[in-house]
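Have a look at the structure below before the remarks.
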Amino acid sequence: MSTIANSIFSPEMAARFDHLVTIYPVKRSALVPMLLYAQDDVGYISDAVVTEIAARLDLIELDVRNVLSYYSMLRTKPAGKYNVQVCTNISCMLRGGYEILDHCKHKLGIGHKEVTKDGLFSLEEVECIGACCWAPAMQVNYDFHDNLTTVKVDEILETYRQGLGKDVK
């Protein structure tokens, strides 16, 4: 049973949060993991998420919003069903990361941090997804795709468009 009455989260997620605050010596240390789990559960960090997490960690909402604004992987708006993150850090940049990003922008008709009109895809330029040896790389939700070419990107996007991709929501 959750320590927060009327939690906005599922009972399983609420229990996970209750456990998280017990494994850190300082409650606020659970903030980033809690925000990441909440984002996966809700789809983004809404005002309601901020309010509940602040209550769970005995913080003021501004404390949560300050951390939220620092980390680029935390979203305050809903992402598309498939969130495409294209790496443009040094290895990917040197091997065509910006060409892949520009190709995705053109193919999807959206820019950085935007969502397609049908809500199927969102696009982000990100710093390092840990696939430097296989650059250029991107991830769609939590699936990595590497050694990209524009042709390979088209195939990957079409796979997701057909509903064959992983959905984390």
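Note: hydrogens, waters and symmetry copies are ignored here, and every other heavy atom, side chains too, is used.
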Which atoms form the tightest heavy-atom contact between [X] and [Y], and what is the distance?
| X | Y | value |
| --- | --- | --- |
| Ala30 | Leu57 | CB-CD2, 4.1 Å |
| Cys87 | Cys92 | O-CB, 3.2 Å |
| Asp63 | Leu31 | O-CD2, 4.3 Å |

Hey, are [X] and [Y] close enough for a salt bridge, meaning a charged N less than 4.0 Å from a carboxylate O?
| X | Y | result |
| --- | --- | --- |
| Lys152 | Glu155 | no |
| Asp47 | Arg65 | yes |
| Asp18 | Arg56 | yes |

### Query
Is the Phe17 ring parallel, tilted or perpendicular to the Tyr37 ring (thresholds 30°, 60°)?
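Because their plane-to-plane angle lies in the 30° to 60° range, the rings of Phe17 and Tyr37 count as tilted.
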### Task
Take the angle between the ring planes of Tyr82 and Phe121 and call it parallel below 30°, perpendicular above 60°, tilted in between.
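If you compare the ring of Tyr82 with that of Phe121, the planes turn out tilted.
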[Y] reachable from [X] in the ILVMFWY side-chain graph, under 4.5 Å edges:
| X | Y | result |
| --- | --- | --- |
| Val64 | Met13 | yes |
| Phe144 | Leu123 | no |
| Met73 | Leu35 | yes |
| Val21 | Ile60 | no |
| Met93 | Val153 | yes |

### Query
Is any side-chain heavy atom of Ile129 less than 4.5 Å from a side-chain heavy atom of Gln139?
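Yes, at least one pair of side-chain atoms sits under 4.5 Å.
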### Query
Given side chains that start at C-beta, do those of Pro78 and Val115 come closer than 4.5 Å, heavy atoms only?
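Pro78 does not reach Val115 side chain to side chain.
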No-hydrogen, no-angle side-chain donor-acceptor test under 3.5 Å, [X] and [Y]:
| X | Y | result |
| --- | --- | --- |
| Asn83 | Tyr142 | no |
| Thr150 | Glu99 | no |
| Ser7 | Glu52 | yes |

### Message
Determine whether Val84 and Glu124 satisfy the following criterion, side-chain contact (heavy atoms from CB on, under 4.5 Å), listing intermediate values before the conclusion.
### Response
CA-CA 6 Å; Val84 178; Glu124 292 180 84; over 6 Å; no
### Query
Hey, what do you get for NZ (Lys27) to CG (Leu20), rounding to the nearest 0.5 Å?
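Answer for the NZ-CG pair, Lys27 versus Leu20, is 12.0 Å.
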### Task
Give a yes or no on whether the backbone of Ala79 and the side-chain of Ser122 come within a donor-acceptor separation of less than 3.5 Å.
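Here the side-chain-to-backbone pair does not exist.
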### Message
With a 6.0 Å cut-off (strictly less than), is the heavy-atom count around NZ of Lys77, excluding the residue itself, greater than 12?
### Response
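No, not enclosed.
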